[in-house]
Amino acid sequence: MDEFTPERLSRLSGMLKRRGIILPAFEIHGGSAGLYDFGPVGGRLRSKVSQTWIEHWQSLGNIVEISCPTVTPYAVLEASGHVGEFSDFLTDCLACGEASRADHLIENNHPNAESFSKSQLEAYIDEMEPRCPACQACDWGPVKAENLMFNTKIGAGSSGRPGFLRPETAQGMFTSFTSIYRHFRERLPFGAVQIGKGYRNEISPRQGMIRLREFNMAELEYFIDPEVDTHHDFSKWDKPVTLISQDDGEISMTFGEAVSKGIIRHGTVGYFMAWTMDFLTKVGIQPEGLRFRQHRPDEMAHYAQDCWDAEILGSYGWIECVGIAHRGCYDLESHEKATGQRLRAWRTFDEPKVIETNGWTTDGAKAGPAFRALAGKVKEAVEELDSDSCFPITLELQGELLEILPEHVKRNQKTETIAGEWFIPHVVEPAFGIDRIIWHLLDHSYLETQKSGENYCLLTLPEEVAPVDVCVLPLYEKDGMGVLAETIHRDLCSKKGVFSIYDASGSIGRRYARADEIGVPWCITVDHDSLFDNMVTLRQRDTGQQRRVAISDLSF
RNA sequence: GCGGAUAUGGUGAAGUGGCUAUCACCUGAGGUUUCCAACCUCAUGUCGUGGGUUCGACUCCCGCUAUCCGCACCA
């Protein structure tokens, strides 16, 4: 990893744009902050990183991939808490029309005004009578939520109903819970992953690819039974990692140790932190530029119980690129409350519970007419009575004395066997900002060196994510070398998962340099001898080493 | 959103109230060349955007948009 400097950052950004990896979107129309294109080289980089991510998590064995719409009805995000939590509260000055942030108006009186609810804010504004910063009047309209989600309308005209572009992919996994639960034969634990676009109408996108208005997210929702002790094997991760814990500050420790000491509060969170580290290093993040930081309670999202961020060091400092949150039962419970649908899993007891009932209940046919409106209350009261109660008996209900006669009641004796119970699974969610990870793997892979006294730069991308797998280069495009090279190139492109570039312009050294700059791991050079012996030169990017290989033995 | 700076070919820069706007690299064509940005010839391509001042604006002024740096915000 080179040292991160502003000069290096601008050279890297220039290269990414010039070579078609990452570039500002819609630039011919003046561009738009927070929106970026992956260009002709970056497009495949993104899809390879995405695919690597999916396969990485699927290798756990109990993970499925789903895909949900980005356009999301209002009710879904209201239930999830985003409509309420994901907003700034504004109020209009009725005198001059200027909108102000409600919490800012009263922040001199209340240091934590931003955590107030809408009605609290209205009450305090009434009480404090803050003046309008623009016109000094004190005549405020109602407080309204200005949401940071992109608004839209689903359907046309008056039949359209309000919706949003999703701010995270997670909600789709929760609303699909029953389908995923059935798929896994109703057996926990299991997870669903989804990779796709998310949208946040950021007030001010900054720092290039770091804060975007439309971005690629990859999330796993992993559903667990909170009463089952999790046992994960951490022996594979025997090297210490940098953890910044809420209580102990920066420490260096293995994942297994941090879990067993309770620094990481849940085994599955720790296991996914380790799994996350493996993914990040696989796609080209340098381990020395990676650390995990635990959220303080006041920065935790509205749904989280414990949360660790994976932070990556790059040109913009330490940036959070992954959040691994224990969301508890928050999400499923919220959607269950909002819809009345059961979003639960069934837990069979080790021993069925036997509940014996031995007491009294009312005889509806007699008690109903006798007590009329109070019949329901009478039934409840009678079922509370001891089994050895004698009738008639007098009960006081809502100020009335009622005499319960033997004919109003009957014995209630039964034995019920309860085999298990429904419960709301807990969720552990690793959420990845794919764009931020792509930025950092480029930042970590970008190497500026010297070659025969000249500046030389290359991307040392792992083959796993390199956007171009191989370049095919005829030494010269004559005597049939070009034709042979083109044949090899097309054969490679037709193979599953292989992408080749044919390049015949410029000297061979220039073409190697071009390939290195975008991180092509291998170059194949066709020379005069190739025409006779069917051998080509295979050149490795990082070492420059070359060896002769038979065309039929190329391992792509 | 606030304050400051900036905006010239694909990239990086120079420059002027008036002449065909300059340079390097890159890109393309041809030549040359038997494996790491070689060389020669030629070619393509630029003043962010809208308005104003002016006989004339890339240059001066204003708005907008975008970018960068602080502040604020950040699930």
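Throughout, protein chains are lettered first and strands after them, A, B, ... in sequence-line order, and every chain is numbered starting at 1.
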Roughly, in whole Å, what's the span from [atom1] in [X] to [atom2] in [N]?
X        : N     : atom1 : atom2 : answer
A/Leu23  : B/G10 : CG    : P     : 12 Å
A/Gln546 : B/C36 : CD    : P     : 8 Å
A/Tyr36  : B/A66 : OH    : C1'   : 10 Å
A/Ile28  : B/U49 : CD1   : C1'   : 14 Å
A/His29  : B/U65 : NE2   : P     : 17 Å
A/Tyr476 : B/A38 : OH    : C1'   : 11 Å

Could you check whether [X] gets within reach of a base, just the sugar-phosphate, or nothing at all, counting any heavy atom under 4.0 Å?
X        : result
A/Arg200 : base
A/Gly323 : nothing
A/Glu27  : nothing

Nearest-nucleotide 5' precedence on RNA chain B, A/Gln540 against A/Arg211: A/Gln540

When the nearest nucleotide of RNA chain B is assigned to A/Ala33 and to A/Gln545 on a heavy-atom basis, which residue is associated with the more 5' position? A/Gln545

B/C36 base to A/Arg511 side chain: any donor-acceptor pair below 3.5 Å? no

Considering only [options], which nucleotide approaches the side chain of [X] most closely?
X        : options             : result
A/Arg514 : B/C35, B/U33, B/C26 : B/C26
A/His528 : B/A37, B/U11, B/U34 : B/U34
A/Ser505 : B/A29, B/C35, B/A37 : B/A29

Between A/Arg514 and A/Ser505: side-chain donor-acceptor atoms closer than 3.5 Å: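 Indeed, the side chains of A/Arg514 and A/Ser505 share at least one donor-acceptor pair under 3.5 Å.
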
Row check, A/Trp522 ring normal vs A/Arg541 NZ/CZ: under 6.0 Å, within 45°: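 Not satisfied by the 6.0 Å and 45° rule.
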
For A/Arg539, which residues count as a side-chain hydrogen bond (donor to acceptor under 3.5 Å, both in side chains) partner, sequence neighbours excluded? A/Asp516

Check the orientation of A/His56 and A/Phe279. Use parallel for under 30°, tilted for 30 to 60°, and perpendicular for over 60°.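 Geometry flag for A/Phe279 against A/His56: tilted rings.
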
